[in-house]
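Report on the structure given below.
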Protein chains: 2
Amino acid sequence: MISVGIIEDDEQIRTGIQAYLNNQINLSCEYGYHSMEAALADFKDWNIPNVLIIDLGLPGMSGIDGMKILRERFPDCDLVVFSVFNDYKKIFDSLCAGATGYLLKNTPFDEIKEGIESLAKGGSPMSPQIARKVIDFFKPQHKLKKISPLSDKEKEIVVGLVDGLSYKLIADRLSISIETVRFHIKNIYRKLHVHGKAEVISKSLRGEI
Amino acid sequence: MISVGIIEDDEQIRTGIQAYLNNQINLSCEYGYHSMEAALADFKDWNIPNVLIIDLGLPGMSGIDGMKILRERFPDCDLVVFSVFNDYKKIFDSLCAGATGYLLKNTPFDEIKEGIESLAKGGSPMSPQIARKVIDFFKPQHKLKKISPLSDKEKEIVVGLVDGLSYKLIADRLSISIETVRFHIKNIYRKLHVHGKAEVISKSLRGEI
DNA sequence: GAGTCAATCCCATGAACATGGGGGTGCCTA
DNA sequence: TAGGCACCCCCATGTTCATGGGATTGACTC
């Protein structure tokens with residue numbers, strides 16, 4: 001028997017889901033709250049469901065802020081976002097806050113049920129649109145590739161800088177003179193509008209090159 | 001009608017899936033290959049399925065390397081990994097290579113079919129275990145937080161370094177003397193066993209602090 | 001075949017950094 | 001209450017870096 005809770009300010013939705021889940025043979029949903037504050041006040045180590053369905057657009061504390069606290073206090077409770085939002089920011093903020101699933105509000109009841117069961121089996125329920133966006137996060141981004149104004153050689157030099165090498169060591173690694181390294185770095189600085197290797201390393205590691 | 005292709009060296013699996021998919025009213029699976037090389041030789045702009053199911057452990061060119069090429073040449077063809085591997089490296093390498101879905105080899109035929117349909121609707125089919133690992137990627141990692149040997153002030157200084165500031169500017173930002181900045185940086189270098197700000201920036205941005 | 005451009009080298013100067021020493025003041029904890 | 005630790009400041013030395021000027025070569029374009 002999986003114990004489920006729901007934090008959702010729309011009473012109709014909340015009670016509807018509670019009623020549906022309580023009707024399932026393997027689920028119970030005794031925990032229903034209209035706000036994150038109410039939920040946090042009620043939960044204790046010995047009084048916490050296995051799974052929490054959380055709306056993002058709550059009055060008072062937001063679902064995302066709430067999840068950070070919940071994740072900290074009750075790491076064994078799986079958090080599932082239940083929201084109308086499907087934009088990147090909301091999705092990634094939720095995942096970074098500790099959500100283990102993300103279902104859109106148009107998800108049919110039976111799929112919510114399946115999602116909860118999937119959680120128990122080590123899965124992560126996501127609406128299709130959400131899954132696609134999460135996957136897209138890893139996709140190579142060609143667009144940024146071409147805007148790099150650096151030549152191949154200059155990029156090699158940047159790698160050396162990122163590795164923390166001195167000009168001398170970069171020269172040795174690339175089998176060129178230290179003067180050539182100097183020359184390239186001058187041009188790198190010009191192209192990137194920076195004035196020191198620290199900024200080059202930052203830009204590089206942040207993917208701005 | 002969705003056109004599907006499969007690249008899989010195990011003939012039994014390949015023909016089995018082809019037969020099943022061809023039996024579906026809304027799918028066709030005319031493209032079957034035993035290796036990535038064979039597939040790449042056959043595909044043309046006018047001769048490419050909508051969806052490609054790809055095994056990772058192929059003889060010759062690996063599925064991951066192949067996907068990189070496919071993604072480049074045929075960006076409109078959705079790639080779905082079909083593999084026994086469920087380790088982080090394989091998963092993320094696949095996604096970075098351009099996979100839009102990832103199904104484990106124990107996936108029943110009907111779920112493969114549903115996955116393909118989901119793709120067409122903008123979804124990203126993933127086996128539950130895979131979805132969980134992808135989601136976990138975003139989860140906050142507390143464990144590394146405490147091992148940082150740097151004091152609070154030192155961390156502030158590191159932020160300044162990462163921002164590419166000179167000692168003077170860091171001093172101004174923190175309202176302390178440049179000599180104090182020097183002092184802290186000396187200690188930072190000692191603690192991190194490095195000998196220059198470049199290495200500090202690298203370590204910091206790589207999450208090693 | 002003149003022009004552009006990346007890449008290779010050289011020199012010089014001032015600024016910034018790395019590293020080694022000194023001093024202090026507080027706060028906490030044994 | 002002494003020792004440890006984080007924080008604050010100062011000095012001196014040598015190294016590395018940033019930036020400006022040059023010059024040459026080969027490849028590719030027009």
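Below, read A as the first sequence line, B as the second, and so on, with proteins coming before strands; counting in each chain starts at 1. No experiment lies behind these values; they were computed from the predicted model shown. Only this structure's heavy atoms are used, side chains among them; waters, hydrogens and symmetry mates stay out.
- We find that NE2 of B:H195 is positioned 13 Å from P of D:dT16, with the value rounded to whole Å.
- Within the nucleic acid shown, B:K197 comes within 4.0 Å of sugar-phosphate atoms alone, with no base atom in reach, counting heavy atoms only.
- Note on A:S151: a side-chain N or O is less than 4.0 Å away from OP1 or OP2 of C:dA7.
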query = For B:N86 and B:Y102, what are the C-alpha separation, side-chain angles and deciding distance, and is it a side chain to side chain donor-acceptor pair (under 3.5 Å)?
reply = CA-CA 9 Å; B:N86 68 344; B:Y102 198 118; over 6 Å; no

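- Tested against B:V4, the residues B:I17, B:I112, B:I53 include a single side chain to side chain contact (heavy atoms under 4.5 Å, CB included) partner, B:I53.
- For the pair B:K168 NZ and C:dA18 P, the interatomic distance rounds to 17 Å; values are reported in whole Å.
- Side-chain proximity of A:D152 to C:dA7, C:dA18, D:dC7: nearest is C:dA7.
- B:I178 places its CD1 atom 14 Å from the P atom of D:dC8, with the value rounded to the nearest Å.
- Proximity of B:T180 to the phosphate of D:dC9: a side-chain N or O atom is located under 4.0 Å from OP1 or OP2.
- Look at NZ on A:K191: it is 16 Å from P on D:dT19, rounded to the nearest Å.
- If you find the closest nucleotide of DNA chain C to B:L165 and to A:R182, the one lying nearer the 5' end belongs to A:R182.
- For A:H184, whose side chain is taken as the heavy atoms from C-beta onward, the closest listed nucleotide among C:dA18, D:dC8, C:dT8 is C:dT8.
- The nucleotide whose nearest atom lies closest to any side-chain atom of B:E179 is, among D:dT19, D:dC9, C:dT19, D:dC9.
- When distances are taken from the side chain of A:I176 to each of C:dC9, D:dC7, D:dC11, the shortest belongs to C:dC9.
- Nucleic acid contact class of A:S177 (heavy atoms, under 4.0 Å, all strands): sugar-phosphate only.
- Between C:dT8, D:dC7, D:dA18, one nucleotide has an atom nearer to the side chain of B:K153 than all others, and that is D:dC7.
- Within 4.0 Å of B:K186, counting heavy atoms only, lies at least one base atom of the nucleic acid.
- If you check the side chains of B:S124 and A:K133, you find no donor sitting under 3.5 Å from an acceptor.
- Spacing between atom OH of B:Y189 and atom C1' of C:dG20 amounts to 15 Å, rounded to whole angstrom units.
- Remark: B:D10 does not engage B:R14 in a salt bridge, criterion side-chain N to carboxylate O under 4.0 Å.
- Considering only side-chain atoms of A:Y167, the nucleotide from D:dC17, D:dA6, C:dA7 that sits closest is D:dC17.
- Nearest heavy-atom pair, B:F82 versus B:K105, reported as atom, atom and distance to 0.1 Å: O-CE, 3.6 Å.
- Between the CD1 atom of A:I185 and the P atom of C:dC10 there is a distance of 16 Å, rounded to whole Å.
- Of the listed nucleotides (C:dC17, D:dC8, C:dC9), C:dC9 has the atom at the smallest distance from the side chain of A:F183.
- The separation between B:N187 atom CG and D:dC8 atom P is 12 Å, rounded to whole Å.
- When heavy atoms are screened at a 4.0 angstrom cut-off, A:S166 is found touching the sugar-phosphate backbone but no base atom.
- Taking a cutoff of 4.0 Å between a charged side-chain nitrogen and a carboxylate oxygen, A:D163 and A:K197 do not qualify as a salt bridge.
- Rounded to a whole Å, the CG atom of A:L174 is 15 Å from the C1' atom of C:dA6.
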